[in-house]
S.K.: 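The structure's right below; bear with me while I get my questions together.
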Protein chains: 2
Amino acid sequence: MQSTDKWSCGITKVLDTFSGKWRLNIFWIISQNDGIGFNKLRNQVPEITNMMLIRSLNALLLENLISKKLTGSKAPFHSEYHLTDKSRELLPLLLELNDWGNHSLLKP
Amino acid sequence: MQSTDKWSCGITKVLDTFSGKWRLNIFWIISQNDGIGFNKLRNQVPEITNMMLIRSLNALLLENLISKKLTGSKAPFHSEYHLTDKSRELLPLLLELNDWGNHSLLKP
DNA sequence: CAGCATCCACGGAGATACTG
DNA sequence: CAGTATCTCCGTGGATGCTG
């Protein structure tokens, strides 16, 4: 989205980043379970498929909101997901947003 | 989106609320031009059509993020759009989010 | 001027089946 | 176990034309 003002760009990027159906949820779970593996992660997100989990993770990786570490040189492989420094900065803000949302949107 | 944790609900609602292609932009413009009219508003949002402006405004009205005041008893009608008390609380948070987005997403 | 009903196109979500 | 390649389907954005 283009914008004539100075702030929409940043916000819009944030929104886009978390726009997927699962991304925010996944991001949150990783933040609460640093180093969580693929399958554990999938079990924490009800109903999600391999496909959508991968796609969402890749999107978050692209934005450097999470990082991936591979362990195990041979199959079965294993991977661990972590937040990055910059995404950790975001957490308090998200918590505030959540409070506002619960307070002002859920009970209108 | 369902979630097993305590905060996703609020955040998700916020995200959904601003999920449209134009809503955030419109919200911002209204915040900067309290009482702005329909046409002025449309001129501030490049490329938007009547249709999409209306739809976006209605979505924001539904969530009580903006309010509408009608002026003029006969055609041509006129309407003014304002933020609401609760949405005004959101502004500082959005500014912070924007800073973070500009800082952490736009220059990776 | 402000707002709405309708129809269409496109992109992303999702199912399925497959690989290193 | 972790990740990928297609294909389908549906929701949302968008164009057009109409109304109080």
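Fair warning: this is a prediction, and the values are worked out from it, not measured in the lab. Sequence lines set the chain letters: A, B, ... in the order given, protein chains first and strands last, and positions in each chain run from 1.
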S.K.: In the structure I gave you, are the side-chain heavy atoms of A:N33 and A:Y81 within less than 4.5 Å of one another anywhere?
M.R.: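 A:N33 vs A:Y81: side chains apart.
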S.K.: Would you give the length of the straight line joining atom CG of A:L91 to atom CZ of A:R88, rounded to the nearest 0.5 angstrom?
M.R.: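 Here the interatomic distance stands at 8.0 Å.
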S.K.: Hey, what do you get for CD (A:E63) to OG1 (A:T84), rounding to the nearest 0.5 Å?
M.R.: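 Between A:E63 CD and A:T84 OG1, I get 10.5 Å after rounding to 0.5 Å.
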S.K.: In this structure, how many angstroms lie between the C1' atom of D:dG3 and the CG atom of A:L41, rounded?
M.R.: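 After rounding, the reported distance stands at 14 Å.
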S.K.: Roughly, in whole Å, what's the span from CD in A:E80 to P in D:dG3?
M.R.: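 Roughly 12 Å, once rounded to whole Å.
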S.K.: Heavy atoms, side chains only, cut-off 4.5 Å: are B:I29 and B:N25 in contact?
M.R.: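 Contact flag for B:I29/B:N25 side chains = yes.
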S.K.: Take atom NZ of A:K40 and atom C1' of D:dC1, then tell me their distance rounded to the nearest Å.
M.R.: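 To the nearest whole Å, that distance equals 14 Å.
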S.K.: With heavy-atom distances below 4.5 Å as the criterion, would you say the side chains of A:N64 and B:L105 are in contact?
M.R.: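 Side-chain contact under 4.5 Å: no.
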S.K.: From CG of A:L57 over to C1' of D:dG3, roughly how many Å is that when rounded to an integer?
M.R.: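 The distance from CG of A:L57 to C1' of D:dG3 comes to 11 Å, rounded to the nearest Å.
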S.K.: Map every base of DNA chain D to its dot-bracket character, where paired means a Watson-Crick or G-U wobble contact with both distances under 3.5 Å and | marks a partner outside the strand.
M.R.: ||||||||||||||||||||
S.K.: Could you check whether A:K68 gets within reach of a base, just the sugar-phosphate, or nothing at all, counting any heavy atom under 4.0 Å?
M.R.: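 Contact class for A:K68: sugar-phosphate only.
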S.K.: Reading nucleotides 11-18 of chain C 5' to 3', which nucleotides get B (base under 4.0 Å from a protein heavy atom), which S (sugar-phosphate only), which -?
M.R.: --BBB---
S.K.: On the nucleotide D:dA2, are OP1 or OP2 found under 4.0 Å from the side-chain N or O atoms that A:Y81 carries?
M.R.: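 For D:dA2, neither OP1 nor OP2 has a side-chain N or O of A:Y81 closer than 4.0 Å.
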S.K.: Starting at atom CG of B:L53, determine the distance to atom C1' of C:dC4, rounded to an integer number of angstrom.
M.R.: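 Going from CG in B:L53 over to C1' in C:dC4 covers 13 Å.
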S.K.: Whole angstroms only, please: what is the CD1-C1' distance between A:I48 and D:dA2?
M.R.: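 Answer to the nearest Å: 14 Å.
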S.K.: Distance check, rounded to the nearest 0.5 Å: A:D85 atom CG versus B:S104 atom OG?
M.R.: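 Reported value, rounded in 0.5 Å steps: 10.0 Å.
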S.K.: Roughly how far, to the nearest 0.5 Å, is OG of A:S31 from CD1 of A:I26?
M.R.: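 Rounded to the nearest 0.5 Å, the CD1-OG separation comes to 12.0 Å.
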S.K.: What is the separation between atom CG on A:L60 and atom C1' on D:dG3, rounded to the nearest whole Å?
M.R.: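 In whole Å, D:dG3 C1' and A:L60 CG are 16 Å from each other.
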S.K.: Nearest to the side chain of B:H78, which nucleotide is it out of D:dG3, C:dC1, D:dA2?
M.R.: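 Minimum distance to the B:H78 side chain belongs to C:dC1.
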S.K.: Nearest whole Å is fine: how far is C:dT6 P from B:I54 CD1?
M.R.: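 Result: 16 Å.
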S.K.: Any chance the side chains of A:R55 and A:N58 put a donor and an acceptor closer than 3.5 Å?
M.R.: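 Short answer, no.
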S.K.: Between A:I36 and A:H82, is there a side-chain heavy-atom distance shorter than 4.5 Å?
M.R.: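 Not in contact.
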